[in-house]
Q: 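Let me give you the structure first, and then I'll get to my questions.
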Amino acid sequence: MTKKELTDYKIMTIKLLIKAAKFVIEEYGIDNLTIRKVGDKAGYNSATIYNYFENIEHLKIFVFLFDYDEYISDLENYVDDSLTSLENYHNVWECYAKHNMINIDAFYSFFFNNLERNIAEYIDEYYQIFPVKKVEHSKFIEKMLESSSLESRNIYMLQEIANDGFLDQDKLEWVNDLTSYSHESILYRVYKGKISRDDGADMILSFIDNILQEHIIKN
């Protein structure tokens, strides 16, 4: 399903189904999201929805990416090319942690999904249908967004920190792994109601900062 294969009407229908799914998630929770509930909200039968989405997990990923675009737009309020790579790294994670908690259901679904295809295929498909708007970003953000996955974007930021002499090159993968595992663990606990959203955002940032501080080169 690419943009070339879709008419304006079909693209409008996909947007409508995503918005209907967002409503159902906000009203009933992501565990109660079903094709039938989305159809009832959007005014379509289940068979029609399956013309656009192969299953409910496919639809969840599109809901996540819809919310993820809001995070990308907000990044400009946190990142500045005049700041150091360490400061920008902290600020990107601060923005990300905030949006994690605002859209906990969508972000949780992204990390703990049961997909038939590789996640990268769904992401490519989404951005073929809904291309990223041409917005003038800072150089730091522009370079970061060239990476397709969350892990590779984090690696890019860590590479900038290493280039500035704050981190050994051989520590990049290890710091990235610790960061990813910590983030996903906290996200899981917030979603399960074991940690509040406010505490979750604070914990993500605290873990990220402490992991980096443990490994940066002290001058």
Side-chain angles (χ1 to χ4, degrees), residues 22 25-33 57 60-61 63-80 83-115 119 123 138 140-141 144-145 147-162 164 166-168 170-218:
K22 280 174 62 65
I25 289 170
E26 290 166 3
E27 197 75 9
Y28 304 104
I30 201 162
D31 289 338
N32 294 309
L33 180 67
E57 298 298 331
K60 285 179 184 178
I61 291 299
V63 171
F64 165 80
L65 291 168
F66 217 65
D67 288 335
Y68 189 68
D69 284 342
E70 295 176 5
Y71 152 68
I72 297 300
S73 297
D74 196 21
L75 268 177
E76 285 296 341
N77 298 315
Y78 289 80
V79 175
D80 193 306
L83 299 176
T84 68
S85 53
L86 288 171
E87 290 170 324
N88 274 328
Y89 183 77
H90 170 92
N91 291 348
V92 166
W93 271 103
E94 182 179 357
C95 180
Y96 184 71
K98 180 183 81 173
H99 285 273
N100 253 204
M101 297 304 113
I102 291 173
N103 302 305
I104 187 69
D105 285 330
F107 278 75
Y108 175 86
S109 178
F110 181 79
F111 286 102
F112 303 98
N113 53 59
N114 183 25
L115 299 173
I119 187 67
I123 293 173
S138 68
F140 186 88
I141 294 176
M144 186 185 75
L145 295 181
S147 302
S148 59
S149 70
L150 300 178
E151 289 80 6
S152 59
R153 288 176 181 181
N154 195 56
I155 280 285
Y156 162 74
M157 293 191 290
L158 292 173
Q159 183 64 64
E160 288 292 297
I161 292 171
D164 289 342
F166 296 114
L167 187 65
D168 285 332
D170 61 3
K171 297 286 188 182
L172 290 186
E173 293 289 346
W174 177 239
V175 172
N176 190 52
D177 285 346
L178 288 175
T179 300
S180 299
Y181 299 153
S182 297
H183 161 249
E184 290 185 26
S185 176
I186 295 167
L187 184 65
Y188 178 83
R189 289 170 183 269
V190 173
Y191 179 76
K192 293 298 183 181
K194 297 178 180 179
I195 303 172
S196 72
R197 295 190 185 202
D198 287 343
D199 287 345
D202 290 342
M203 287 180 68
I204 287 174
L205 204 55
S206 176
F207 271 67
I208 295 324
D209 285 342
N210 278 290
I211 289 168
L212 187 58
Q213 286 300 318
E214 283 290 320
H215 293 88
I216 62 172
I217 298 170
K218 308 292 194 299

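Numbering of residues begins at 1 and proceeds along the displayed sequence.
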Q: Report the residue from Asp209, Thr84, Asn154 that forms a side chain to side chain donor-acceptor pair (under 3.5 Å) with Tyr89.
A: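 When Asp209, Thr84, Asn154 are each tested with Tyr89, the side chain to side chain donor-acceptor pair (under 3.5 Å) holds only for Asn154.
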Q: Mind checking the NZ-CD1 spacing from Lys60 to Ile30? Nearest 0.5 Å is all I need.
A: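 Atom-to-atom, Lys60:NZ and Ile30:CD1 are 5.0 Å apart.
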Q: For Asn88 versus Val79, what's the shortest heavy-atom pair and its separation?
A: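 Looks like OD1-CG1, 3.3 Å.
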Q: Is it true that, when you exclude Tyr188 itself, more than 12 heavy atoms of the residues, nucleotides or ligands shown sit nearer than 6.0 Å to its OH?
A: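 Not more than 12 within 6.0 Å, no.
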Q: Distance check, rounded to the nearest 0.5 Å: His99 atom NE2 versus Leu75 atom CG?
A: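 Atom-to-atom, His99:NE2 and Leu75:CG are 7.5 Å apart.
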Q: List in chain and number order the residues that pass side chain to side chain donor-acceptor pair (under 3.5 Å) with Asp177, two or more places apart in sequence or in another chain; answer none if no residue qualifies.
A: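 If we apply the side chain to side chain donor-acceptor pair (under 3.5 Å) test to Asp177, skipping adjacent residues, there are no hits.
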Q: Which heavy atom of Ile186 sits nearest to which heavy atom of Gly200, and what is that distance?
A: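 Shortest heavy-atom contact: CG2-O, 3.7 Å.
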Q: Is there a donor-acceptor contact under 3.5 Å from the side chain of His90 to the main chain of Leu86?
A: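 Here the side-chain-to-backbone pair does not exist.
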Q: What residues form a side chain to side chain donor-acceptor pair (under 3.5 Å) with Lys98, not counting sequence neighbours?
A: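 With neighbours one apart ignored, the set is Asp74, Tyr78.
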Q: Hey, does the side chain of Asn32 reach the backbone of Tyr28 with a donor-acceptor pair shorter than 3.5 angstrom?
A: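 Between the backbone of Tyr28 and the side chain of Asn32 there is a qualifying donor-acceptor contact (under 3.5 Å).
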Q: Can you check side-chain contact (heavy atoms from CB on, under 4.5 Å) on Phe166 and Ile217, steps first, answer last?
A: CA-CA 5 Å; Phe166 296 114; Ile217 298 170; 5.7 Å; no
Q: Residues in ring pair (Phe, Tyr, Trp, His ring centres under 6.0 Å) with His183, at least two apart?
A: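 Result, ring pair (Phe, Tyr, Trp, His ring centres under 6.0 Å) vs His183: Trp93, Tyr96, Phe111.
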Q: Determine the minimum heavy-atom distance between Leu178 and His215, stating which atoms define it.
A: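 Shortest heavy-atom separation between Leu178 and His215 comes out as CD1-CE1, 3.9 Å.
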Q: For Ile216 versus Gln213, what's the shortest heavy-atom pair and its separation?
A: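 So the minimum-distance heavy-atom pair works out to CD1-OE1, 3.4 Å.
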Q: Would you compute the distance between atom OG of Ser85 and atom CG of Asp164 and round it to the nearest 0.5 angstrom?
A: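 It comes to 3.5 Å.
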Q: Begin from the C-alpha positions of Leu212 and Ile161 and carry the test side-chain contact (heavy atoms from CB on, under 4.5 Å) through to its verdict.
A: CA-CA 10 Å; Leu212 187 58; Ile161 292 171; 3.8 Å; yes
Q: Evaluate side-chain contact (heavy atoms from CB on, under 4.5 Å) for Leu65 paired with Ile61, printing each intermediate quantity in order.
A: CA-CA 6 Å; Leu65 291 168; Ile61 291 299; 4.0 Å; yes
Q: Which residues satisfy the ring pair (Phe, Tyr, Trp, His ring centres under 6.0 Å) test with Tyr191, sequence neighbours excluded?
A: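 Counting only residues at least two positions away or on another chain, Tyr191 forms a ring pair (Phe, Tyr, Trp, His ring centres under 6.0 Å) with Tyr108.
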Q: Using modelled atom types and a 3.5 Å cut-off, is there a donor and acceptor pairing between side-chain atoms of Arg197 and backbone atoms of Met101?
A: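 Indeed, once roles are kept as given, a pair shorter than 3.5 Å links the two residues.
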Q: To the nearest 0.5 Å, how far apart are OG in Ser196 and CZ in Arg189?
A: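 Reported to 0.5 Å precision, the distance equals 13.5 Å.
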Q: Quick one: side chain to side chain donor-acceptor pair (under 3.5 Å) partners of Asn103, sequence neighbours excluded?
A: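 Checked Asn103 against side chain to side chain donor-acceptor pair (under 3.5 Å); zero matches.
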Q: Which is it for Ile211 and Val175 under the side-chain contact (heavy atoms from CB on, under 4.5 Å) test, yes or no, and what are the steps along the way?
A: CA-CA 7 Å; Ile211 289 168; Val175 172; 4.0 Å; yes
Q: Identify the heavy atoms of Ala97 and Ala201 that sit nearest to each other, and give their distance.
A: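 Shortest heavy-atom contact: CB-O, 3.9 Å.
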Q: Just jot down the side chain to side chain donor-acceptor pair (under 3.5 Å) partners of Asp80, sequence neighbours excluded, or say none.
A: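 If we apply the side chain to side chain donor-acceptor pair (under 3.5 Å) test to Asp80, skipping adjacent residues, the hits are Ser82.
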Q: Give, for atom CE of Met203 and atom CG of Asn210, the distance between the pair rounded to the nearest 0.5 Å.
A: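 Those atoms lie 11.0 Å apart.
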Q: Which value, rounded to the nearest 0.5 Å, describes the distance between Met157 atom CE and Asn176 atom CG?
A: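 It is 9.0 Å, given to the nearest 0.5 Å.
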